[in-house]
Amino acid sequence: EYEGDRNAEGERHGFGKARLPNGDTYEGEYEHGLRSGRGTYRFKNGALYTGDYLQNKKHGKGVFFYPDGSKYAGDWVHDQRQGYGEYLYANGDTYTGEWAGNKRHGQGTYVYKDTGSKYVGTWVNGIQEGPAELIHLNHRFKGRFLNGRPLGHGKFIFDIGCEQHGEYIQPVQEKEEEEEDEPPLPVEPKWRASEITRLTPWSPHDEEPAPGEG
């Protein structure tokens, strides 16, 4: 069902309202029979998108309200979250930063609502990876992440004005006789402290090995 403007060829063109066979509805701009321009699309399941379209795809700037109460506001490319945007998750966490192919990718900040902690740094395909800072209420960690966990050299910076340097080591897993082929549980990297100093300008981007290392 469609009511709205059409062009000389009879295609939907201009402003119109449509109800799709699956029960979804669209109200907005059309070009040559396709959703193009600004529009609002309501999904039967309660989700809603309002923003830019290009040839039936979400493309440009738009806001998507998901059925679970989460929400994304930002850039879209060919129906995918891509570019810069902010995501409010159903549990109250937020991510603000770069996206590619629907995933957190590039530079971004993730705020954990429960603790107030913040991850500020690099993401690869939705996972925390690369140089970053993890900021807590009265201290923060500066280092590198791999697969969502800190690994390698870093430091804890305490608000009282000192730092603890060290590194996160990936423990070697003990081989045990296993009766069944159960996947081994992931082992958390262990922090090994080396020294405590006054505040220093070291950052995870300084990848030069110190003298005597390497």
Side-chain angles (χ1 to χ4, degrees), residues 1-135 145-149:
E1 303 169 40
Y2 173 79
E3 53 181 82
D5 303 333
R6 292 181 185 272
N7 61 13
E9 286 79 47
E11 299 170 316
R12 300 174 185 186
H13 194 87
F15 189 85
K17 293 181 187 181
R19 175 176 290 280
L20 288 84
N22 63 3
D24 296 350
T25 61
Y26 173 78
E27 182 174 336
E29 296 172 352
Y30 283 89
E31 283 178 22
H32 300 294
L34 301 176
R35 297 187 293 276
S36 278
R38 302 282 303 169
T40 298
Y41 191 106
R42 293 171 194 275
F43 296 80
K44 200 175 58 187
N45 66 7
L48 180 143
Y49 171 81
T50 181
D52 296 330
Y53 273 93
L54 183 65
Q55 297 180 337
N56 273 358
K57 293 190 191 298
K58 299 183 281 291
H59 192 93
K61 295 238 182 272
V63 183
F64 200 114
F65 298 89
Y66 296 89
D68 65 1
S70 59
K71 167 188 154 187
Y72 171 81
D75 296 332
W76 297 81
V77 176
H78 292 311
D79 261 346
Q80 296 197 314
R81 298 188 292 272
Q82 183 140 335
Y84 189 87
E86 179 168 332
Y87 202 114
L88 167 65
Y89 294 87
N91 65 1
D93 292 355
T94 57
Y95 171 82
T96 309
E98 296 176 311
W99 294 79
N102 272 341
K103 294 187 173 164
R104 303 182 290 262
H105 189 87
Q107 287 293 315
T109 297
Y110 191 101
V111 180
Y112 298 88
K113 177 176 181 281
D114 283 355
T115 59
S117 296
K118 261 198 292 206
Y119 173 96
V120 182
T122 318
W123 299 75
V124 177
N125 282 331
I127 295 170
Q128 299 171 341
E129 190 152 312
E133 211 164 345
L134 199 51
I135 302 167
F145 283 70
L146 185 68
N147 276 330
R149 294 195 170 100

Would you say the side-chain atoms of Asp93 pair up with the backbone N or O of Lys113, donor to acceptor, closer than 3.5 Å?
yes

Which value, rounded to the nearest 0.5 Å, describes the distance between Phe15 atom CZ and Lys17 atom NZ?
7.0 Å

Trp99 and Tyr72 aromatic ring geometry - parallel, tilted or perpendicular at 30°/60° bounds
perpendicular

Could you check Asp75 against Lys61 for salt bridge (Lys or Arg N to Asp or Glu O under 4.0 Å), going step by step and ending with a plain yes or no?
CA-CA 5 Å; Asp75 296 332; Lys61 295 238 182 272; 2.4 Å; yes

Examine distances only and state if a side-chain atom of Thr122 and a backbone atom of Gly106 form a donor-acceptor pair shorter than 3.5 Å.
no

Return yes if some donor-acceptor pair links the side-chain N/O of Glu86 with the main-chain N/O of Thr96 below 3.5 Å, else return no.
no

Considering only NZ, NE, NH1 and NH2 on the basic side and carboxylate oxygens on the acidic side, decide whether Lys58 and Asp52 come within less than 4.0 Å.
no

Within the side chain of Asp79, is there an N or O that forms a donor-acceptor pair under 3.5 Å with the backbone of Lys57?
no

Test item: Glu129 side-chain N/O and Val124 main-chain N/O as donor-acceptor pair under 3.5 Å:
no

Whether Ser36 side chain and Gln55 backbone form a donor-acceptor pair below 3.5 Å
yes

Using 0.5 Å steps for rounding, measure from the OG1 atom of Thr25 to the CZ atom of Phe43.
10.0 Å

Please walk me through it: do Tyr119 and Val111 pass side-chain contact (heavy atoms from CB on, under 4.5 Å)?
CA-CA 7 Å; Tyr119 173 96; Val111 180; over 6 Å; no

Does a side chain donor of either Asp24 or Tyr41 reach within less than 3.5 Å of an acceptor in the other side chain?
yes

pair Lys118-Leu134: side-chain heavy atoms closer than 4.5 Å
no

Do His59 side-chain atoms and Tyr53 backbone N/O form a donor-acceptor pair below 3.5 Å?
no

Taking all atoms of both residues into account, what is the closest heavy-atom pair of Pro67 and Ala47, and its distance?
CD-CB, 3.8 Å

If you take all heavy atoms of Gln128 and Tyr112, which pair is closest and at what distance?
NE2-OH, 3.0 Å

Out of curiosity, Glu31 CD to Leu54 CG, how far, rounded to the nearest 0.5 Å?
8.0 Å

Below 30° counts as parallel, above 60° as perpendicular, anything between as tilted: where do the rings of Tyr87 and Tyr89 land?
parallel

Can you name the closest pair of heavy atoms from Gly121 and Ala132 and give their distance?
CA-CB, 3.8 Å

What closest approach, in Å, do Tyr26 and Arg38 show between heavy atoms, and which atom pair accounts for it?
OH-O, 3.6 Å

From Arg6 atom CZ to His13 atom NE2, the distance as rounded to the nearest 0.5 Å
12.5 Å

Thr40-Tyr49 side chain donor-acceptor pair, cut-off 3.5 Å:
no

Verify, without hydrogens or angle tests, whether Trp76 (side chain) and Gly62 (backbone) share a donor-acceptor contact under 3.5 angstrom.
yes

Please round to the nearest 0.5 Å and tell me the distance separating atom OG1 of Thr50 and atom CZ of Arg42.
8.5 Å

For Tyr30 and Ala18, the nearest pair of non-hydrogen atoms, with its separation, is OH-CB, 3.3 Å

Drop me the distance from Arg19's CZ to Tyr2's OH, to the nearest 0.5 angstrom.
15.5 Å

Please determine if Asp5 and Arg12 form a salt bridge, counting it only when a charged side-chain N lies under 4.0 Å from a carboxylate O.
no

Glu98 side-chain N/O to Gln107 backbone N/O, donor-acceptor pair under 3.5 Å
yes

